[in-house]
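Just below is one structure, and these are the notes that go with it.
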Protein chains: 2
Amino acid sequence: MLTLQHLYIIEKITSEGSVTRAAEKLNLTQSALSHQIRDLEAASGVRLFNRIGKKLVLNEAGQRVVTSSQKVLPVIRELEAELKEMREGKKQTIRISTECYTCYHWLPRLLTGFQEDYPGTDIQIVAEATRRPMEYLEAGKLELALVNGTNGNCSLHFEPLFEDRMVALLSDKHPLALRNTPLEFSDMHSETLVAFQISSSNNLLSPDLVSNLSPKKVIHIPMTEAIVEMVRFGMGITVMAEWAARQYLSTGGLTTLPFRSEIGTRHWYACTHKDRSEPLAGLVGRIQAALLGTENPAAA
Amino acid sequence: MLTLQHLYIIEKITSEGSVTRAAEKLNLTQSALSHQIRDLEAASGVRLFNRIGKKLVLNEAGQRVVTSSQKVLPVIRELEAELKEMREGKKQTIRISTECYTCYHWLPRLLTGFQEDYPGTDIQIVAEATRRPMEYLEAGKLELALVNGTNGNCSLHFEPLFEDRMVALLSDKHPLALRNTPLEFSDMHSETLVAFQISSSNNLLSPDLVSNLSPKKVIHIPMTEAIVEMVRFGMGITVMAEWAARQYLSTGGLTTLPFRSEIGTRHWYACTHKDRSEPLAGLVGRIQAALLGTENPAAA
DNA sequence: GTGTTAACATGAGTATTATTCATTGTTTCT
DNA sequence: AGAAACAATGAATAATACTCATGTTAACAC
């Protein structure tokens, strides 16, 4: 059976022009190479070298092997070099995603300065993993996910980050706007919910929240600004984090109503694999320090 | 150290989704694969899989390995398949060259019909090896060379093919044209030789012949037709095989003079490596049978 | 929960393979 | 012909890969 060692040996023999010198370069004995070539020729049933005088010269089949070696060995060497870099922590990428697009508004700011502390560590935000970050994390396509709720998954590690409150954003002319007690799920049963939609099964609200709300009607729109405008003109109510809603209040015509604390509070976690690399742990600590105790990550 | 076996194993684990099933496909035990992965991870110092529950899932480093595997393994498999074909004699190419361009005029005719006898064997004429065919043969870039003279090389095999005679081709108005005894080397000392030139060091005449002729002047021209015309108008004498010169006699104004037999006779051989494959031996036999006894290979 | 299954991990022993050492056989050079 | 350079070979040893038996863990059923 053909092995990489065979390719290494044949490559060196042809580049050095003799078995003896190739053996020296490979820190092996001439005998070892001679046996290897012999075995490979026996196993493949094909002569690879012509014994011309005391020299070995590649024949057609041998040339063919060298051609393949020249394709294969650089790839292998590059791979080994890259694995080595990974081991030494030189080259590492931390791929991040969140369960909520709005998080991307403030996340990048928290990451500034990290590059200086860990110069070899690259950070990538993987937007396509949004809303399914834990699946991506388990599939090895992500190193860090910002999620609200642990989802009962015990094979991953969850580090608490902060808590926020969900509020309803609605027109100040809406009947509910006058209410001065926190909202219950049941309050939404007779209302129209305007929700951000990514795909048919995805919206910006956590699935359990939507199913609990069970509004009379749901309008899906894939643009936040459009949602806010619809809400402003009384076409429905939307639900978002208090810190996200805040920026829209000053634009006029809008008001917010909190949900009752028990049902409207989201617990955010930094979700990683249990065995975290050093830079990843550092990044989580950094994010945690910046966010802990705040209710407004956008200002943290 | 990374081996192809590691790549085979990782590839199968990711395609099958489990170590156990991969082991079955590879006709190995689950334990064997488990050890291999463990050893590779230990040796490279990099985790390749995340142990998520009871499943193994590739992480970034593992993905990187798979990426390289996908480049490497197809090349290896193709190589192995091709070596197998070579072993079974299915795919073999016989690369031929000669020491003399004129041989290409009649060589292809001798090769017709060979394809039917050995359908898996491909024949290529390697023109760039002309004039140095034995070097190419030793370098593994040729399987068969048609040469005149054995060159004292004892590591190659020489099969006699035919003999031909060198003649001088000259204008019938040339003083020498009246001569009725064979030419000696010394006859050329006062003459101008018109010779085919390929490169600065190469001409169609064998090197020893040119040095023996030592003509007064040598004119190199890279076109046979031009040489003949120059000779026809008395601008010099050229030297070629009798069978090659014959075709020009009927065009008028030209005559040939033979060299003395001992110095003008060329012995042609089919030169191969000592261990010849079956189809190559067949081809040599075929050429030999067609040429043996003739002095005019162009008519054989 | 408790058992059961399915999957991977581990350690010890065995089989296989790779390498070395010592030697022989060739070829080339002088 | 002798020496030097190189490759081939066989036997012994070192290294490695693999199996077997068993342990561990997680997921699932009841």
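The analysis underlying the following values was restricted to heavy atoms, covering all of them including side chains, and did not include hydrogens, waters or symmetry mates. Residue numbers begin at 1 in each chain, while the letters A, B, ... track the order of the sequences. Only a predicted model underlies this, so the values are computations on that prediction, with no experimental measurement involved.
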| message | Measuring only between side-chain heavy atoms, which start at C-beta, is A/Met86 closer than 4.5 Å to A/Glu88? | response | no
| Divergence of helical axes at both termini of the helix from C/dG1-D/dC30 to C/dT30-D/dA1 - five pairs an end, 10° steps | 30°
| remark: When rounded to whole Å, the CE to C1' distance for the pair B/Met1 and D/dA15 reads 14 Å
| remark: Note: contacts of residues 3-13 of chain B with DNA chain D (heavy atom, under 4.0 Å) are B/Gln5
| Are A/Leu40 and A/Val46 close enough that some pair of their side-chain heavy atoms sits under 4.5 Å apart? | no
| said: Any heavy-atom pair between the side chains of B/Pro160 and B/His267 that's under 4.5 Å? | reply: no
| said: If we check salt bridge (charged side-chain N to carboxylate O under 4.0 Å, His left out) with A/Arg64, which of these qualifies: B/Glu85, B/Glu80, B/Glu82? | reply: B/Glu82
Provide a list of protein-nucleic acid N or O atom pairs under 3.5 angstrom, restricted to nucleotides 3-6 of chain C.
none

| message | I want to check something: taking the side chain as every heavy atom from C-beta on, are A/Glu99 and A/Asn148 in contact at a cut-off of under 4.5 Å? | response | yes
| said: Nearest whole Å is fine: how far is C/dT28 C1' from A/Leu56 CG? | reply: 16 Å
| Close residues, residues 18-27 of chain B, relative to DNA chain C [heavy-atom separation under 4.0 Å] | B/Ser18, B/Val19, B/Thr20
| query | Taking the inter-plane angle between the rings of B/Phe162 and B/Trp268 on a 0 to 90° scale, is it parallel (under 30°), tilted (30 to 60°) or perpendicular (over 60°)? | reply | parallel
| query | Looking at residues 30-46 of chain A, who's got a heavy atom less than 4.0 Å off DNA chain D? | reply | A/Gln30, A/Ser31, A/Ser34, A/His35, A/Arg38
| task | Could you tell me whether the side chain of B/Met134 reaches within less than 4.5 Å of the side chain of B/Cys271, counting heavy atoms only? | result | yes
| message | Side chains of A/Arg95 and A/Leu144, heavy atoms from C-beta outward: is any pair under 4.5 Å? | response | no
What pairs of nitrogen or oxygen atoms, one from the protein and one from nucleotides 14-16 of chain C, lie under 3.5 Å apart?
none

| field | Length of the CG-P vector between B/Asn50 and C/dA9, whole Å | value | 12 Å
